[in-house]
2 protein chains.
Amino acid sequence: MTLIVAIDKSSTNDGRDVLEVLDKICNMVVGVKLGMPLLLKHDLNLLSNIRKICNGNIVLDLKLADIGDVMVESVELFKNYADSVIAHSFIGKKDGIDKLKDFLDKNNMKLILVGSMSHRGSEEIYDKEIDNIINIINDVKPWGVVLPATRPEIIKTFRSKIGNEIKILSPGVGYQGAKPGTALCYGADYEIVGRAIMNAPDPKEATKIIIYEQKRGMYECKK
Amino acid sequence: MTLIVAIDKSSTNDGRDVLEVLDKICNMVVGVKLGMPLLLKHDLNLLSNIRKICNGNIVLDLKLADIGDVMVESVELFKNYADSVIAHSFIGKKDGIDKLKDFLDKNNMKLILVGSMSHRGSEEIYDKEIDNIINIINDVKPWGVVLPATRPEIIKTFRSKIGNEIKILSPGVGYQGAKPGTALCYGADYEIVGRAIMNAPDPKEATKIIIYEQKRGMYECKK
């Protein structure tokens, strides 16, 4: 499976409950990424239910970017409710990512580092530091890296320099403009889709179509 | 007044309630910075009480670093409970900081951008992009910028290039090693102190001493 669903709010745009939607699509996705707006509500009961329905693989997407001590305190609140955590590589290792990584290792949680972002602003500063970011990633060895489907050539660059062990998770598919399958074709392991599923009139059907398009994209890619 | 108190948890290390501590020191500080670990608990009642006791100037320190739409959704939850919001400059303007700034302007809230961080890891990537970050700050014109008291020469550089309109807020004082008054001497408007106050046996006395040291630092600086 190659699809991760992203959820930023506890209900869809037309007011349906997140659990109701997830119940229909969980068997088709490999994980659930929960965004800061949802996590800020600190509804641990909801998190627990999402994890139950979807058999684990809960990704906390707080886009952590603080000093190590503060990041650890933030994750501590969710340590029994999630499986992996997204933090920014940009903040650096010393007293930053290293402290978070230690905490996650001790608690059997996985670290995922942002390597580049899906919006246009990522080109202004973030993407100018690709070489340094790749060095940090090869040094820290996180479980995964987040790279944008909107600029797939970046995925290709990272894949060639970080090897095949580290997973690449790619957002920006659907609402933000990237076609399903493109990031996979360029070397990603998973594509992350949020609004195109959660706000679809029929999320189950939307998920099926995206998975079909992923397969088509991969097929065309191999040609 | 030149001191902002930082609070990351809803109780001190020895179990005292945050409100109890704030009640004793609020008249000596110009603002209260609330960190992600506390904000994740989404206790709006606590935020409301902090704002009442301290007469406003609540700084949301989520270290926002996501695409614009997601940052706006996160801040939306607190819009009636806070006065300013800290986000990272490194995520860039387009579809990032610009969207957040628009939302904050409409809601009479102030934007504060991180320009550099207080931990050692900040030198690995963040501080290599100082010129681009200063450009973004001069373009976006946030109300304030966060710069580390632990590396005060950075404060000097920013002050010389962003002018005197934009406020400089400086963390890293106390527990992280910088002496009170140093950042002020190098051009900061406010120093941010967290653990050295909140975990002191007598927070009121600790605050008084820090303010005294700030004044001494400023006096020695002028010599």
Side-chain angles (χ1 to χ4, degrees), chain A residues 6 8-9 35-43 61-78 86-99 114 117-129 132-133 135-136 139 148 171-172 175-176 194-195, chain B residues 6 8-9 35-43 61-78 86-99 114 117-129 132-133 135-136 139 148 171-172 175-176 194-195:
Chain A
D8 284 321
K9 294 189 279 193
M36 191 191 280
L38 184 139
L39 294 170
L40 279 169
K41 293 190 174 164
H42 202 250
D43 183 346
D61 186 10
L62 290 166
K63 295 275 189 313
L64 292 169
D66 213 320
I67 58 172
D69 292 342
V70 177
M71 293 194 291
V72 166
E73 272 172 31
S74 294
V75 175
E76 176 94 48
L77 301 169
F78 300 102
I86 296 178
H88 274 286
S89 54
F90 207 94
I91 56 165
K93 193 181 164 190
K94 284 184 204 153
D95 296 336
I97 295 165
D98 54 2
K99 286 197 179 181
V114 177
M117 295 175 71
S118 57
H119 68 304
R120 293 180 298 161
S122 186
E123 296 175 72
E124 296 167 28
I125 298 184
Y126 222 117
D127 293 356
K128 294 194 164 85
E129 289 294 330
N132 286 319
I133 287 171
N135 286 343
I136 285 189
D139 183 13
Y175 188 87
Q176 286 182 71
R195 289 171 276 191
Chain B
D8 284 323
K9 294 189 279 194
M36 190 191 279
L38 184 139
L39 293 170
L40 279 169
K41 291 189 175 165
H42 203 250
D43 183 347
D61 188 10
L62 289 166
K63 294 276 190 313
L64 293 169
D66 213 321
I67 58 171
D69 292 342
V70 176
M71 293 195 289
V72 166
E73 271 172 31
S74 294
V75 176
E76 177 94 50
L77 300 168
F78 299 102
I86 296 178
H88 274 287
S89 54
F90 71 71
I91 56 165
K93 193 181 165 192
K94 283 183 204 155
D95 297 337
I97 295 165
D98 54 2
K99 286 197 179 182
V114 178
M117 295 175 72
S118 56
H119 68 304
R120 294 181 297 161
S122 186
E123 296 176 72
E124 296 167 28
I125 299 183
Y126 222 121
D127 293 355
K128 293 194 164 84
E129 288 294 329
N132 286 320
I133 286 171
N135 287 343
I136 284 190
D139 183 14
Y175 188 89
Q176 286 183 71
R195 289 171 277 191

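Throughout, protein chains are lettered first and strands after them, A, B, ... in sequence-line order, and every chain is numbered starting at 1.
Taking the salt bridge (Lys or Arg N to Asp or Glu O under 4.0 Å) definition, one finds that Asp139(A) meets it with Lys93(A), sequence neighbours left out.
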Between Ile136(B) and Glu124(A), does the side-chain contact (heavy atoms from CB on, under 4.5 Å) criterion hold? Intermediate values first, please.
CA-CA 9 Å; Ile136(B) 284 190; Glu124(A) 296 167 28; 3.5 Å; yes

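The line from NE2 of His42(B) to NE2 of His42(A) is 11.0 Å long, rounded to the nearest 0.5 Å. Distance check, rounded to the nearest 0.5 Å: CZ of Arg120(A) to CG of Asp95(B) gives 4.0 Å. We find the CD1-OH distance between Ile125(B) and Tyr126(A) to be 7.5 Å, quoted to the nearest 0.5 Å. In this structure, Met36(B) CE and Lys63(A) NZ are separated by 11.0 Å, a value rounded to the nearest 0.5 Å. Note that the CG atom of Leu38(A) and the CG atom of Leu77(B) stand 9.5 Å from one another [nearest 0.5 Å].
Interface remark: Met117(A) contributes side-chain atoms only to the contact with chain B (heavy atom separation under 4.5 Å). Proximity to chain B (any heavy atom under 4.5 Å) is shown, for Leu62(A), by both the backbone and the side chain.
Looking at His119(B) and Lys94(A), their side chains never come closer than 4.5 Å, going by heavy atoms from C-beta outward.
Of the residues considered (Glu123(A), Glu76(A), Lys9(A)), Lys9(A) shows the highest number of contacts with chain B, using heavy-atom pairs under 4.5 Å. Looking only at heavy-atom pairs under 4.5 Å with chain B, the residue among Asp61(A), Leu64(A), Asn132(A), Asp66(A) that has the most is Asp66(A).
Shown here is Lys128(B), whose NZ atom has more than 12 heavy atoms of other residues, nucleotides or ligands within 6.0 Å.
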Donor-acceptor pairs under 3.5 Å, side chain of residues 67-74 of chain A to any protein atom, not counting sequence neighbours: which ones?
{"residue": "Asp69(A)", "atom": "OD1", "partner": "Lys99(A)", "partner atom": "NZ", "Å": "3.0"}
{"residue": "Asp69(A)", "atom": "OD2", "partner": "Arg195(B)", "partner atom": "NH1", "Å": "3.1"}
{"residue": "Ser74(A)", "atom": "OG", "partner": "Val70(A)", "partner atom": "O", "Å": "3.2"}

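Aromatic ring orientation, Phe90(A) versus Phe90(B): parallel (interplanar angle below 30°, classes split at 30° and 60°).
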